[in-house]
Amino acid sequence: MGTPLATTDREQDALEKIIEELEQLNELIDKAERESDSTERIRFRYDWLRRDLKLVKNGIQDHLDAPSTEPKTFEPLQGDYRQ
């Protein structure tokens, strides 16, 4: 059975990896947006997706910077990316 600190270290490493992956998603989002058809009647809202991913990333980073036993409040995600 591992120590709680080891679990916390592994969790921190995993959360840091998630942040890295979220940052790399921006390149894919940029590519998808460049390849989108601007004449479509209903368009995907890449700006909303970027905003939501930033909120997720910031929430993880806030936890890593100052973990707390108290729940925090976060701005809700947009979630619907079609307009």
Side-chain angles (χ1 to χ4, degrees):
M1 182 176 230
T3 65
L5 181 57
T7 301
T8 300
D9 288 344
R10 286 192 302 265
E11 179 185 30
Q12 180 170 340
D13 290 345
L15 290 172
E16 288 171 351
K17 179 67 176 170
I18 291 170
I19 288 173
E20 290 174 20
E21 296 290 331
L22 289 171
E23 290 171 351
Q24 291 177 6
L25 280 176
N26 284 320
E27 292 177 29
L28 292 173
I29 294 167
D30 291 344
K31 181 179 179 187
E33 186 174 28
R34 282 192 306 271
E35 294 176 0
S36 68
D37 183 355
S38 62
T39 63
E40 288 290 325
R41 185 177 66 83
I42 298 175
R43 298 193 55 203
F44 190 87
R45 293 300 307 259
Y46 292 97
D47 55 334
W48 292 353
L49 176 59
R50 284 187 191 92
R51 177 191 166 274
D52 285 353
L53 291 175
K54 184 177 180 180
L55 288 172
V56 170
K57 180 184 149 208
N58 289 345
I60 294 169
Q61 190 63 58
D62 287 348
H63 174 75
L64 291 173
D65 291 344
S68 170
T69 57
E70 294 298 317
K72 296 180 181 177
T73 347
F74 296 98
E75 189 174 343
L77 300 179
Q78 181 68 34
D80 180 5
Y81 304 110
R82 292 174 49 132
Q83 180 182 6

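Values in this document were obtained by computation on a predicted structure and should not be read as measured data.
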task = State whether the side chain of N26 and the backbone N or O of R50 hold a donor-acceptor pair below 3.5 Å, judged by distance alone.
result = no

note = The complete set of ring pair (Phe, Tyr, Trp, His ring centres under 6.0 Å) pairs with one or both residues in residues 13-32, sequence neighbours excluded, reads none

message = Testing the basics here: between Y81 and D52, what is the closest heavy-atom pair and its distance to 0.1 Å?
response = OH-OD2, 2.6 Å

Sequence neighbours excluded and cut-off under 3.5 Å, please list the side-chain donor-acceptor pairs for residues 16-25, or say none.
residue	atom	partner	partner atom	Å
E16	OE2	Q12	NE2	3.1
K17	NZ	E21	OE2	3.2
E23	OE2	K57	NZ	3.2

task = Quick one: list whatever passes ring-ring contact (aromatic ring centres under 6.0 Å, His included) with Y46, sequence neighbours left out.
result = F44

message = Nearest 0.5 Å, please: how far is NZ in K54 from CG in L49?
response = 13.5 Å

Residues that R34 engages under side-chain contact (heavy atoms from CB on, under 4.5 Å), provided they are two or more places apart = D30, K31

message = Using the side-chain hydrogen bond (donor to acceptor under 3.5 Å, both in side chains) criterion, which residues pair with T39? Sequence neighbours excluded.
response = D37

note = With sequence neighbours left out, the residues meeting side-chain hydrogen bond (donor to acceptor under 3.5 Å, both in side chains) with D47 are R45

request  = Sequence neighbours left out, what passes salt bridge (charged side-chain N to carboxylate O under 4.0 Å, His left out) with E27? Give chain and number order.
outcome  = none

request  = With sequence neighbours left out, write down each residue that passes salt bridge (charged side-chain N to carboxylate O under 4.0 Å, His left out) with R43, or none if nothing qualifies.
outcome  = none

With sequence neighbours excluded, residues passing side-chain hydrogen bond (donor to acceptor under 3.5 Å, both in side chains) with N58 = none

ask   = Taking atom CG of L77 and atom CG of L55, what is their separation to the nearest 0.5 Å?
value = 6.0 Å

inquiry  = Going by ring pair (Phe, Tyr, Trp, His ring centres under 6.0 Å), name the pairs with one or both residues in residues 17-42, residues two or more places apart or in two chains.
reply    = none

inquiry  = Using every non-hydrogen atom in the two residues, find where W48 and Q78 come nearest and quote the distance to one decimal.
reply    = CE3-CG, 3.6 Å

